[in-house]
A.B. asks: 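Below you will find the structure I want to go over with you.
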Amino acid sequence: MSVVVRFPPSPTGFLHIGSARTALFNWLYAKHTGGTFLLRVEDTDRERSTPESVATILEGMQWLGFDWDNTTDPKNNGKTYYSQFEHRERHAEVARQMVANGTAYYCYASTQELDAMRAEQKAKGLPQRYDGRWRDRPASEAPADVKPVVRLKAPLTGETVVDDKVMGRITVQNSQLDDMVLLRGDGTPTYMLAVVVDDHDMGVTHVIRGDDHMTNTFRQVQIYRAMGWDVPVYAHLPMILGPDGAKLSKRHGAPAVSDYRDKGYLPEAIRNYLLRLCWSHGDDELISTEQAVAWFDFDGIGKSPARFDFVKLAHVNAHYIGLADNERLADLAAPFLKEALGRDLTAAERDVLIRALPDIKPRVQTVREIAEATLFYFHRLPLHEKAQKLLTPEAKAHLRDLAERLKALPDFTAEAIEGAFRAYAEEKALKLGGVAQPLRAALTGSNVSPPIFTAAALLGRAEVLGRVQAVVEG
RNA sequence: GUCCCCUUCGUCUAGAGGCCUAGGACAUUACCCUUUCACGGUAGUAACACGGGUUCGAAUCCCGUAGGGGACGCCA
């Protein structure tokens, strides 16, 4: 039987980076097995499920390159994804079937009544669970003014066992589980019911999700059993924690996938980094997506939670920047440069950027840093304090002499410029750095830059002479 | 509080009873390369949570303890 997996985000306003990891593992497993990857938006919470928040999820998925297979499924009613909300009637129907076959029942307890029950349980130090007060009570005793909920008639004895592909065999005593609500008083389904019905209707064979769902799994398995449906294979992934070991949240700086794009990370780097959280393949670290598809399987997944390490992510990102096409990087850096420059790059400037990239790539870790490192090509920057110190009176005198030689160069290439500087340094018994550093200061305003002779060639003779003159006279 | 799960360098991890003097990667330290900064190269510091078993032999199996995470909603 072919594998069917799904990723079921709820539209909370952004795609969480932890959810992205779950999406990645599902997507990889589908690709690895030649199976199907479905997207289902869990939009039953009408407050949060705005068109914008759904669009954000879709954008995040597309940016990461996680293409799903049900974009044109008839079950979507014209949408590019399965909307849980649209199937609420089907969910309610299943709840009614369960009442009919005796695996669920109506409960007329009011919210206040249940709050009081839980408060009492808590005060006595007892586990907080529904006590089954309507489980066997006849409908004739139902109060007229309460709209009942439908609850699962869960088994009271025995145990529920799940053979998890990551965690192994996990067991819970049924006495620990109460009769959960399946259908609310207003007739809408709860998450527990909706998930099971949708997964069954969509033919999901493998449920790969965060282990925060572990206890939900036992309850969902009971629903499958009550309906006589096949239970899917489960794989619960350990959580991703923040650097401090607490649940990854806004507090840690970047909870949303879009934050990473805005900080200048590449989607392939995010994929590689996320893959290595809780999953491994021997000593392999830098793993292409193609390789990941070939290698990914459940046996590589670890059981313990992982902390998110921004420093290592940056390293992985640097690796993929090194691999990336220069034109692509130039286009990705353009918005950042526009932000700094207050204008768009001209076609000629874009060309300079592309030609500068081979020198820039090994020096940056993010696309944003590409913009920072290349800003001087397009704009004269103020002299940094450390650059100022390099421009001693002697250094300025050398630059004045060198400017004359640069004017006389037949070709203004990096090799020619370097030749001129080396010859001059030798004549004056100086180290190359003694003349190269002042040039760097003059051209970039900084004591740190990409190799200065290639930078000078890219800048062009007129601009170089202009910048040198500005500091020599300044 | 009850239940479920987890525990190897600071971090991500390799490790399926002898291959372990515990390996790799990031970070970190030193050196080399070098026009600066990077990249790259070489070397170094650094971990089996603790306590009991089982075994000729345990990071690996079992049991406790401690610590961490998650779940206990008419949220998803």
Side-chain angles (χ1 to χ4, degrees), chain A residues 8-12 42-45 47-48 84 107 109-111 114-115 118 121-122 124-130 147-151 162 164 166-168 170-173 175-178 180-186 188-192 194-195 210-219 236 238-239 241 243 245-247 273 276-286 302-316 318 322 359-365 373 386 390 418 421-422 425 431-437 439-441 444 446-453:
Chain A
S10 48
T12 54
E42 307 217 319
D43 50 1
T44 54
D45 182 339
E47 292 281 305
R48 293 192 288 183
Q84 187 159 70
C107 167
S110 68
T111 315
L114 294 174
D115 286 346
R118 275 189 282 265
Q121 287 168 340
K122 192 170 185 179
K124 288 182 179 169
L126 296 167
Q128 293 169 53
R129 295 185 203 119
Y130 175 70
K147 284 192 173 174
V149 301
V150 173
R151 285 185 184 271
V162 174
D164 191 276
V166 176
M167 298 299 174
I170 50 177
T171 305
V172 72
Q173 296 303 312
S175 57
Q176 297 294 329
L177 269 22
D178 64 3
M180 78 191 112
V181 172
L182 302 173
L183 208 61
R184 300 189 187 100
D186 64 2
T188 60
T190 61
Y191 163 77
M192 285 300 173
V195 165
D211 74 4
D212 49 336
H213 284 282
M214 196 102 93
T215 49
N216 290 339
T217 301
F218 297 116
R219 316 179 81 107
H236 286 95
M239 300 265 82
L241 275 18
K247 198 171 184 175
Y273 178 70
R276 285 287 294 104
L277 251 27
C278 306
W279 183 86
S280 62
H281 184 270
D283 284 338
D284 296 301
E285 293 283 348
L286 298 165
K303 290 183 174 188
S304 47
R307 298 184 189 210
F308 198 97
D309 183 357
F310 291 92
V311 178
K312 185 157 182 179
L313 202 215
H315 173 263
V316 174
D359 278 345
I360 299 297
K361 280 168 153 182
R363 295 177 164 74
V364 297
Q365 295 192 303
K386 285 179 181 169
L390 288 169
E418 178 167 351
F421 270 67
R422 284 197 184 275
K431 284 185 182 171
L432 185 57
V435 284
Q437 280 298 85
L439 179 68
R440 189 185 313 281
T444 70
S446 171
N447 60 321
V448 176
S449 85
I452 199 60
F453 303 123

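So that the names make sense, note that chain A is the first sequence line, chain B the second, and so on, each numbered from 1. All of these numbers come straight from a predicted model, not from anything done at the bench.
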A.B. asks: Across all strands shown, which nucleotide pairs with G17(B) by Watson-Crick or G-U wobble geometry, both distances under 3.5 Å?
C.D. replies: none
A.B. asks: What is the pairing partner of G10(B), taking Watson-Crick or G-U wobble pairs with both distances under 3.5 Å in any strand?
C.D. replies: C26(B)
A.B. asks: U2(B) pairs with which nucleotide, Watson-Crick or G-U wobble, both distances below 3.5 Å?
C.D. replies: A71(B)
A.B. asks: Specify the separation, in whole Å, of atom CG of D359(A) and atom P of U34(B).
C.D. replies: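 Whole-Å distance recorded here is 17 Å.
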A.B. asks: Rounding to an integer number of Å, can you tell me how far K303(A) NZ sits from A59(B) P?
C.D. replies: 19 Å
A.B. asks: Starting from the 5' end of RNA chain B, give me the residue, Q173(A) or H281(A), whose nearest nucleotide shows up first.
C.D. replies: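 First, find each residue's nearest nucleotide; the 5'-ward one identifies Q173(A).
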A.B. asks: With heavy atoms under 4.0 Å as the rule, sort P450(A) into base, sugar-phosphate or nothing.
C.D. replies: base
A.B. asks: Across nucleotides 15-31 of chain B, 5' to 3', mark each nucleotide with B, S or - according to how protein heavy atoms within less than 4.0 Å reach it.
C.D. replies: --------BBBSS----
A.B. asks: Go through the structure and list residues passing ring pair (Phe, Tyr, Trp, His ring centres under 6.0 Å) with H281(A), not counting sequence neighbours.
C.D. replies: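 Testing H281(A) for ring pair (Phe, Tyr, Trp, His ring centres under 6.0 Å), a comparison that skips the adjacent residues, returns W295(A).
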A.B. asks: Take the protein atom CZ of F310(A) and the nucleotide atom C1' of C12(B), then report the distance between them rounded to whole Å.
C.D. replies: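 Checked: the CZ to C1' distance equals 14 Å.
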A.B. asks: Under a plain distance cut-off of 3.5 Å, with no hydrogens placed, do R184(A) and T188(A) share a side-chain donor-acceptor pair?
C.D. replies: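 Side chains of T188(A) and R184(A): pair found under 3.5 Å.
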A.B. asks: Nucleotide by nucleotide, 5' to 3', does protein get under 4.0 Å of the base (B), only the sugar-phosphate (S), or neither (-) in nucleotides 67-76 of chain B, counting heavy atoms?
C.D. replies: --SBSSSBSB
A.B. asks: Does R440(A) contact U35(B) through a side-chain donor or acceptor facing the base, at a distance under 3.5 Å?
C.D. replies: yes
A.B. asks: Mapping F308(A) and S449(A) onto RNA chain B by nearest heavy atom, which one lands closer to the 5' end?
C.D. replies: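 This one resolves to F308(A).
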A.B. asks: Under 4.0 Å, heavy atoms only, any strand: does L277(A) hit a base, just the sugar-phosphate, or nothing?
C.D. replies: sugar-phosphate
A.B. asks: Give none if A47(B) has no partner; otherwise give the nucleotide forming a Watson-Crick or G-U wobble pair with it, both distances under 3.5 Å.
C.D. replies: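 Pairing partner: none.
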A.B. asks: Can you tell me whether the side chain of R363(A) and the base of C39(B) have a donor-acceptor pair closer than 3.5 Å?
C.D. replies: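 Looking at the base of C39(B), it does not pair with any donor or acceptor on the side chain of R363(A) (distance under 3.5 Å).
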A.B. asks: Can Q121(A) and R118(A) be counted as having a side-chain donor-acceptor contact under 3.5 angstrom?
C.D. replies: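 No, no side-chain donor-acceptor contact under 3.5 Å.
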A.B. asks: If U54(B) has a Watson-Crick or G-U wobble mate with both distances under 3.5 Å, name it; if not, just say none.
C.D. replies: none
A.B. asks: Checking all strands, does Y273(A) fall into the base, sugar-phosphate, or nothing category for heavy-atom contacts under 4.0 angstrom?
C.D. replies: nothing
